[in-house]
Amino acid sequence: MSENKIWNSTIECASEDYKKNLQSERLRDTVSRIYRNVEFYRKRMQEAGILPEDIKTIDDIVKLPFTEKTDLRDNYPFGVFASPMSQIVRIHASSGTTGKPTVVGRTAKDLAIWSECVARALTMCGLDKNDIVQVGYGYGLFTGGLGLHYGVEKLGAAVIPASGGNTKKQVQLIHDLGSTALACTPSYALYIADAVKDAGFDSQKDLKLRVGIFGAEPWTEEMRSDIQKKLNITAHDIYGLSEVMGPGVACDCQCQNGLHVCEDYFYPEIVNPETGEPLPHGQIGELVFTSLGVEGMPLIRYRTHDLCKIIPGKCSCGRTTIRISKLMGRCDDMLIIRGVNVFPSQVESVLLSMSETEPHYMLIVDRKGTLDTLTIQVEVQEQFFTDDMRGLQNLEKKIKANIESVLAISVNVQLVEPKSIPRCEGKAKRVIDNRKLV
Ligand code: DLL
């Protein structure tokens, strides 16, 4: 295993005592800041009968109430800001698929924290100031582009602010400018890998790419192997959410065994998604974050709705920061079909384990009478999509059997032509749930 450097070993390799003291001090400051400056939080704490003085150490965090995305929407746009507008220097917003967007505000200090966290992440990925990092995340209200951008500059590497889209141009830039790293969503990385092939390039011989920094959507280990093979790179997983900061809250190191959390700024907990009860390390549940040291919009016990577990034990890279497992999807991504829990990632794993299929798929859920049906559209590899109807029927049966054995419900499989499922330049859309329209 290659020896990657560590960006900030004082923090990333700190002892438990050091971390706990720092987290406790920052939690006390954060709680008194929001109590003073944010009416929403003051009311919430009063309702729960808690005063800032009740929070003495990080272990007291469980006394504090949760914050939900709906709380941010109810206080739209600036109601949970803890700094006056004169100190806010950046505003981002998440795409409001259901109604109003969620708006976040950052001070200059917050932006410095963000760049620090992304620089740590990029160092985990084995990058340094000699690298050329092409950022293919969208620039704009979405935090992906600008978040990565300033982290690359902080690292001292060269950033190519390509933004999302214009895929042919992305390939040309990777080739002509010798980009050594690509940051984008994993689904877009696959799209780019196809475009590299279509442009007649061999990723091993013609490109200098060696690292991928992929996140913003769930992806499986099988997808990671596929991208690594197709682009001849090491693919890293970067996690974050705009409400809490943006990309860089956590990232995996060369061990690719869990994502190290910047826990000096974002304290993670895992709770039972139904009851909110804290769960012990090693158990899967909903990830919850509390900001520590953030000024503009600190969040207290923010329910991410993302599912994962905390990985117990130390990582062999030398960092002592807590690790979360690869994200398993969102509580609200989970489809319940005829009473059975189904995650799109389960289908992705099956498709990637088969040589005839592509990892491009769409889950379509319908309700016929009282019965839910799940149809999975699957792209077949070019060489298998022939006029041989019998061959295609057999392949369809094989895919259906493989998926049914994993999901434990019956499904319809529809083979579709190569490249017919819409590609995404940002986050992929994998589910159409027509039941919601009924
Ligand atoms: O997606 C921030 C980001 C940008 C992260 C670029 C990584 C890279 P939002 O648009 O607010 O922010 O979406 C946050 O995306 O709650 C997860 O459900 C999902 N997500 C983000 N990273 C990962 C990941 C950005 N590595 C939501 N694996 C989160 C799985 C992820 N899901």
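For ligands, and for the atoms within them, numbers begin at 1 and follow the listed sequence. Computed over heavy atoms, backbone and side chain alike; hydrogens, waters and symmetry mates excluded.
Of the residues listed (I233, D237, I238), the one engaging F214 in a side-chain contact (heavy atoms from CB on, under 4.5 Å) is I233, and it is the only one.
Here salt bridge (charged side-chain N to carboxylate O under 4.0 Å, His left out) pairs that include residues 314-324, with residues two or more places apart or in two chains, are E12-R319.
The aromatic rings of H175 and F201 sit parallel, their planes meeting at an angle under 30°, below the 60° perpendicular limit.
For a heavy-atom separation below 4.0 Å, the residues in contact with ligand 1 are Y137, F142, T143, G144, G215, A216, E217, P218, D237, I238, Y239, G240, L241, S242, E243, P247, D306, L327, R330, K427.
Evaluation of the ring pair (Phe, Tyr, Trp, His ring centres under 6.0 Å) rule for Y191 yields Y188 as partners, not counting sequence neighbours.
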Taking distance alone, no hydrogens or angles, what donor-acceptor pairs closer than 3.5 Å link side-chain atoms of residues 78-89 to residues at least two apart or in another chain?
| residue | atom | partner | partner atom | Å |
| --- | --- | --- | --- | --- |
| S83 | OG | R33 | NH2 | 2.9 |
| S83 | OG | E295 | O | 3.2 |

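For H149 and Y139, the distance between ring centers is under 6.0 angstrom.
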